[in-house]
Amino acid sequence: MLEANLASIERRIEAAATSAGRDPSEITLIAVTKTVPIDRIQEAYDLGLRHFGESRLQEALPKIEALPDDITWHFIGKLQSNKAKKAAQHFPIIHTLENAAQVREIDKAGRPVDGLLELNIANESQKSGISTESVDDLLQCVIQSLHVRYRGLMTIGPNLSDPEQMRPYFKRLRELGERVGADWLSMGMSADFDVAIQEGATHIRVGSALFGERH
Ligand SMILES: *Cc1c(COP(=O)(O)O)cnc(C)c1O
């Protein structure tokens, strides 16, 4: 099943990229492994995947420990600043920067970390991420940090049933990214990564389309 799912995801990536005149190899597929047990992640690794995303530190640590060390682990969950130093010790890429305290704690780990600013692109209450107006301040903070390398922007976006309705939000993230020199745009999940790729995603985060529904 995993193999067929991956083949189908790869076809979708290829079709979306081609339709937008992009090269599919520009797009990094991050396999989101929250709730997925180690043996299933190993299967995905054996199929050639090397980028994996986790959203909870406690759940991720044993997996990182058990799995091959040529995996690139992406932190994609809410990151409390009291856990940020520890996250930086294990994740070379953190997608969910949203305040200065986190950035200071990450710095204390003393390791290089690629950082993305998480945007609450639809200004939804209760959603994580910063508003468009706060981008410049947080960006300054990242640029002045010792170890966090600014890479770009990330968003989850509203939970809409029709992927086409996500297009304006992905477009908004891309336009903001152009203004603030983002090389990476982390946007698009199982239901809508095709649209995200058409709008410029460089990193897509895919869980259920690969591993099946989470329970
Ligand atoms: C769970 C999760 C995903 C993957 O969601 P699917 O719809 O299962 O592909 C992507 N990004 C974040 C931040 C997540 O928490």
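Counting convention: from 1, in listed order, for ligands and their atoms alike. Quick note: residue numbers are just sequence positions, from 1.
Between the side chains of Q42 and D46, a donor-acceptor pair is found at a separation under 3.5 Å. In summary, the side chains of T28 and H51 do not present any donor paired with an acceptor at a separation below 3.5 Å, with no hydrogens or angles considered.
Salt-bridge annotation for K78 and E98: present, with a side-chain N of the basic residue lying under 4.0 Å from a carboxylate O of the acidic one. Between D162 and R167 no salt bridge is recorded (no basic side-chain N to carboxylate O distance below 4.0 Å). Contact check on R179 versus E175 returns no salt bridge, with no Lys/Arg side-chain nitrogen under 4.0 Å from an Asp/Glu carboxylate oxygen. Using a 4.0 Å cut-off between charged side-chain N and carboxylate O, E14 and R11 make no salt bridge.
Under 4.0 Å from ligand 1, the heavy atoms of K34 that appear belong solely to its side chain.
Every N/O-N/O distance between V32 and ligand 1 stays at or above 3.5 Å.
Residue contact check: V206 has heavy atoms under 4.0 Å from atoms 9 (O) of ligand 1. For ligand 1, the atoms closer than 4.0 angstrom to any heavy atom of R205 are 4 (C), 9 (O), 10 (C), 11 (N), 12 (C), 13 (C). Which parts of ligand 1 touch I76 is read off a 4.0 Å heavy-atom cut-off, strictly below it: atoms 11 (N), 12 (C), 13 (C), 14 (C).
Look at H95 and you'll find every heavy atom at least 4.0 Å from all atoms of ligand 1.
Under a 3.5 Å cut-off, the side chain of R12 and the backbone N or O of S190 do form a donor-acceptor pair.
Atom 9 (O) of ligand 1 has S190 OG, 2.5 Å as its closest protein atom, hydrogens excluded (heavy atom only). Scanning the protein for heavy atoms near atom 5 (O) of ligand 1, the closest one is R214 NH2, 3.8 Å. Protein heavy atom at the shortest distance from atom 10 (C) of ligand 1 is M189 SD, 3.1 Å.
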